[in-house]
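To start, the structure under review is shown below, and the notes come after it.
Residues: numbered from 1 along the sequence shown. Each ligand, and each atom within it, is numbered from 1 in the order the structure gives.
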Amino acid sequence: MAESTMLARRAVPSTDADPDAPMMVAEQLTLRFGGVVALSDVSLRIGRDELVALIGPNGAGKSSLLNVLSGFYRPSAGSVRFNGHDVTRMAVHRIAGAGLARTFQGTHLLPHMSVLDNILVGRYMHMKTGLAAAFAYYPFAHREEVEQRAVAEEILDFLELEHLRHHPVGTLGYGMRKRVDLGRALAMQPRMLLLDEPMAGMNSEEKEDLARFILDIRELHRIPVVLVEHDMGVVMDIADRVVVLNFGCKIADATPAAVQRDPAVIEAYLGGGA
Ligand SMILES: Nc1ncnc2c1ncn2[C@@H]1O[C@H](COP(=O)(O)OP(=O)(O)OP(=O)(O)O)[C@@H](O)[C@H]1O
Ligand SMILES: [Mg+2]
C-alpha cells in the first residue's frame with residue numbers, strides 16, 4: 001500500500017496536545033431520555049491508533065454513546081475531550097470538522113446519486129472555497145475541485161469500488177452500500193472513526209472484506225477506530241480492546257480474551273454457552 005497518500009494527510013494530527021495523550025477521553029457520561037437512563041457514568045479512553053470494539057445487548061446504550069461522543073446528543077452529565085479539546089458542548093459540524101467521522105446504524109447515503117458523488121459529499125467538509133468565492137476566483141475553486149476528486153478517486157481505489165463509481169448507490173447490494181458509507185466517512189480525512197454496526201446484515205464474506213478494510217485503515221492512517229459490532233468472531237479477531245455496555249453501564253473494558261472470560265460479560269451478553 002502507498003506510503004504517503006493524500007488520504008493519509010491527517011495521519012499526523014496537527015495538535016498542540018501531548019502526542020501520547022489519548023485521542024478521546026470521555027469522563028463520567030450520563031445520558032437520560034425522560035425516565036430512561038441510556039448511559040450511566042460511562043468513562044472511556046481511546047488511544048491514538050487503537051481499534052476498540054463496543055459491544056452489549058440491544059438497548060445497552062452503544063449508539064447513544066457514539067451519539068454523545070460525536071456531539072449528536074448532549075450528555076446530561078460528564079465530558080468528552082477529542083484530540084486535546086473539550087467538545088462536550090461543541091456543534092456536530094465543528095466536531096466533524098475537527099476530524100471525528102462516523103457512520104450510522106443503517107446507511108445515510110443518497111440512493112439516487114452515484115458512488116463517486118456520495119463519497120464527494122464527505123469531501124465538502126474540506127471545501128475551503130465558498131460558493132461566492134468559487135465564482136469570483138474560479139481557477140482557485142477549480143484547483144480545489146480537482147483535489148477533491150483526486151482524494152475521492154483514491155478512496156474508490158482503496159475500497160475496491162472503482163468499477164462501481166458511476167452506479168447509483170440505491171442499486172447496490174447492502175454490503176456494498178455499507179462500504180460506500182465507510183468511504184464517505186473516510187473522505188473527511190478523519191483523525192478518528194466511529195462505526196455503528198457497519199457489518200450488520202452482511203454475509204460472512206462481506207464481513208471479512210469490511211474487517212480487512214478497517215484493519216487497513218488503522219494500519220495505513222494510524223487513526224483510532226471504535227466499532228460497534230455484535231459478531232463476536234469479528235470482534236475477537238480484530239479488536240485491540242473491547243468495551244462492554246449493559247443497561248447504560250460499562251461493565252468491562254479489557255482485551256478480547258479477558259472480556260470473553262469475564263463472568264459479568266458472559267452473564268449479560270455472551271450467554272452461558274460462550
Ligand atoms: N432519541 C431517543 N429518545 C429516547 N430514548 C432513546 C433515544 N435513543 C436511545 N434511547 C433509549 O436509550 C437506550 C439505549 O439505546 P441505544 O440505541 O443507545 O442502544 P444500542 O446499544 O445501540 O442498541 P442496539 O444494539 O439495538 O442498536 C434504549 O433504552 C433506547 O430506547
Ligand atoms: Mg445501536
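Side-chain N or O atoms of N67 include one that pairs as donor or acceptor with a backbone N or O of S63 at under 3.5 Å. A donor-acceptor pair is defined here as one N or O able to donate and one able to accept, closer than 3.5 Å; such a pair exists between the side chain of E229 and the backbone of D231. Between the side chain of D181 and the main chain of T103, no donor-acceptor pair closer than 3.5 Å is present. Side chain of R48 to backbone of I223: no donor-acceptor contact under 3.5 angstrom is found. Looking only at distances, a side-chain donor or acceptor of T30 sits under 3.5 Å from a matching main-chain atom of D41.
Considering only non-hydrogen protein atoms, atom 12 (O) of ligand 1 sits nearest to A38 CB, 3.4 Å. Closest to atom 16 (P) of ligand 1 among all protein heavy atoms lies S64 OG, 3.7 Å. The shortest contact between atom 25 (O) of ligand 1 and any protein heavy atom is with K62 NZ, 2.7 Å. The closest protein non-hydrogen atom to atom 26 (O) of ligand 1 is N58 ND2, 3.1 Å. For atom 28 (C) of ligand 1, the closest non-hydrogen atom of the protein is G59 O, 3.9 Å. When hydrogens are left out, the protein atom nearest atom 17 (O) of ligand 1 is S63 CB, 3.9 Å; that is the closest non-hydrogen contact. Distance from atom 27 (O) of ligand 1 to its nearest protein heavy atom, with residue and atom name: Q105 NE2, 2.9 Å.
For H112, the NE2 atom sits in a loose shell: 12 or fewer heavy atoms of surrounding residues, nucleotides or ligands are nearer than 6.0 Å. With a 6.0 Å radius and a threshold of 12 heavy atoms from other residues, nucleotides or ligands, F247 has its CZ atom at or below the threshold. More than 12 heavy atoms of other residues, nucleotides or ligands shown are found within 6.0 angstrom of CD on E162. Atom CZ of R212 is surrounded by more than 12 heavy atoms from other residues, nucleotides or ligands within 6.0 Å.
Atom 1 (N) of ligand 1 is flagged as protein-proximal [any protein heavy atom, distance under 4.0 Å]. Less than 4.0 angstrom separates atom 14 (C) of ligand 1 from at least one non-hydrogen atom of the protein.
Under a 4.0 Å criterion applied to the non-hydrogen atoms of H230, ligand 1 contributes the atoms 25 (O). Short contacts between ligand 1 and E197, defined as distances under 4.0 Å to a heavy atom of the residue, involve ligand atoms 25 (O), 27 (O). Each of the atoms 1 (N), 8 (N) of ligand 1 lies under 4.0 Å from some heavy atom of Y73.
There is no side-chain donor-acceptor pair under 3.5 Å between S79 and E27.
Proximity of G56 to ligand 1 is not established, as no heavy-atom distance is less than 4.0 Å.
With the Mg ion (ligand 2) at the apex, S63 OG and Q105 OE1 define an angle of roughly 80° (rounded to 10 degrees).
The proximity of V36 to ligand 1, defined as any non-hydrogen pair under 4.0 Å, is limited to the side chain.
By the 3.5 Å distance cut-off applied to N or O atoms, G61 is counted among the residues near ligand 1. By the 3.5 Å distance cut-off applied to N or O atoms, F33 is not counted among the residues near ligand 1.
Ring pair F72/F104 is perpendicular by interplanar angle, where above 60° counts as perpendicular and below 30° as parallel.
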